[in-house]
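In what follows, every heavy atom counts, from backbone to side chain, and hydrogens, waters and symmetry copies are set aside. Atoms within each ligand, like the ligands themselves, are counted from 1 in listed order. The structure presented is a predicted model; accordingly, all values stated were derived computationally and were not measured.
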Amino acid sequence: MHKVGVLALQGASRAHAEALSALGAHPVEVRTPDDLAGIDGLVLPGGESTTISKLLELSGLFEPVAERLAAGMPVLGTCAGLILLASEVLDGRPDQRCFAVLDVAVRRNGFGRQVDSFETDLDVDGLPGAAFPAVFIRAPVVERVGEGVEVLASVDGKPVLCRQGAVLAAAFHPELSGDLRLHQFFLANHRFLEG
Ligand code: GLN
């Protein structure tokens, strides 16, 4: 069974782990550098990107995760996770760090504050079946997309699901809608459901 790490420093890690188990992968909570041993992929959950950035440094995880990502480890980032993967963060804290493996500029809270949270049905390129129910909570807005980035879904012309090589990043929370197809898409793209 393929081991997929779920960064569990802060934020919504449990629902991701449950989705991965339900699909037949083996989720591993990642809190220390040792937890990275043996994982084939990683999920960066939603939460507060400023806090997660700080905790990544305090736990000593920032550099080893950055190295694995640079080496091509598949990663799914959602909401704050997308911000952590981006190459440019707007409206961030000055000391906030990101892994810069997704060539986008992203504005924190670009969809508004907590009261502006919303749910909408998304047409996702490559996802068969019905529209995907997407939950947006203080979601970031992708304001610039680099050449190598595919936009797989948008809301009002704003990219909300992007892929660049082994990086898949959503501005929304696919783990909160009870629809496992996006996690399945991630796992299947990297053959994590085989053997
Ligand atoms: N606004 C948060 C941030 O900037 C992200 C919100 C979320 O992950 N639901 O990190």
message: I'd like to know if Arg181 pairs up with Asp179 as an ion pair, taking the criterion as any Lys NZ or Arg NE/NH1/NH2 lying under 4.0 Å from an Asp or Glu carboxylate oxygen.
response: yes

- request: Note the single closest protein heavy atom to atom 3 (C) of ligand 1, along with its residue, its atom name and the distance in Å.
  value: Glu48 OE2, 3.2 Å

task: Compute the shortest N/O to N/O distance between Thr78 and ligand 1 and return yes if it is under 3.5 Å, no if not.
output: no

query: So, is Thr50 polar-close to ligand 1, with some N/O to N/O distance under 3.5 Å?
result: no

message: One thing to verify: whether Lys3 and Asp40 come together as a salt bridge, which I'm taking to mean a side-chain N less than 4.0 angstrom from a carboxylate O.
response: no

message: For Lys54, is there an ion pair with Asp95 - N to carboxylate O distance below 4.0 angstrom?
response: no

field: Contact check, side chains of Val135 and Phe118, non-hydrogen atoms, under 4.5 Å
entry: no

field: Proximity to ligand 1 by part of Ile52, non-hydrogen separation under 4.0 Å
entry: neither

- line: In this structure, atom 1 (N) of ligand 1 is nearest to the protein heavy atom Asn109 OD1, 2.6 Å

- prompt: Taking NZ, NE, NH1 and NH2 as the nitrogens, is one of them in Glu175 or Arg14 under 4.0 Å from a carboxylate oxygen of the other?
  reply: no

message: Looking only at the side chains, is there a donor atom on one of Ser13 and Glu29 sitting less than 3.5 Å from an acceptor on the other?
response: no

query: Considering only the protein, which heavy-atom contact is closest to atom 10 (O) of ligand 1, and what is its distance?
result: Ser49 N, 2.5 Å

Pair His2-His26, side-chain donor/acceptor within less than 3.5 Å: no

task: Using a strict 4.0 Å threshold on nitrogen-to-oxygen distance, state whether Arg97 and Glu63 make a salt bridge.
output: yes

message: As an exercise, identify every atom of ligand 1 less than 4.0 angstrom from a heavy atom of Gly46.
response: 8 (O)

message: Tell me which one of Thr120, Leu182, Val155 satisfies side chain to side chain contact (heavy atoms under 4.5 Å, CB included) with Phe172.
response: Leu182

statement: A student comparing Gly110, Ala139, Cys79, Gly92 should find that the heavy atom closest to atom 6 (C) of ligand 1 comes from Cys79

- prompt: What is the nearest protein non-hydrogen atom to atom 5 (C) of ligand 1, stated with its residue, atom name and distance?
  reply: Gly47 O, 3.3 Å

field: Which segment of Arg108 sits under 4.0 Å of ligand 1 when only heavy atoms are counted
entry: side chain

field: Ligand-residue contact atoms, ligand 1 with Ile83, heavy atoms, under 4.0 Å
entry: 3 (C), 4 (O), 10 (O)

- request: Say whether Ile137, considering both its backbone and side-chain N or O atoms, lies within less than 3.5 Å of an N or O atom on ligand 1.
  value: yes

field: Close-contact set for ligand 1 against His173 heavy atoms, below 4.0 Å
entry: 7 (C), 8 (O), 9 (N)

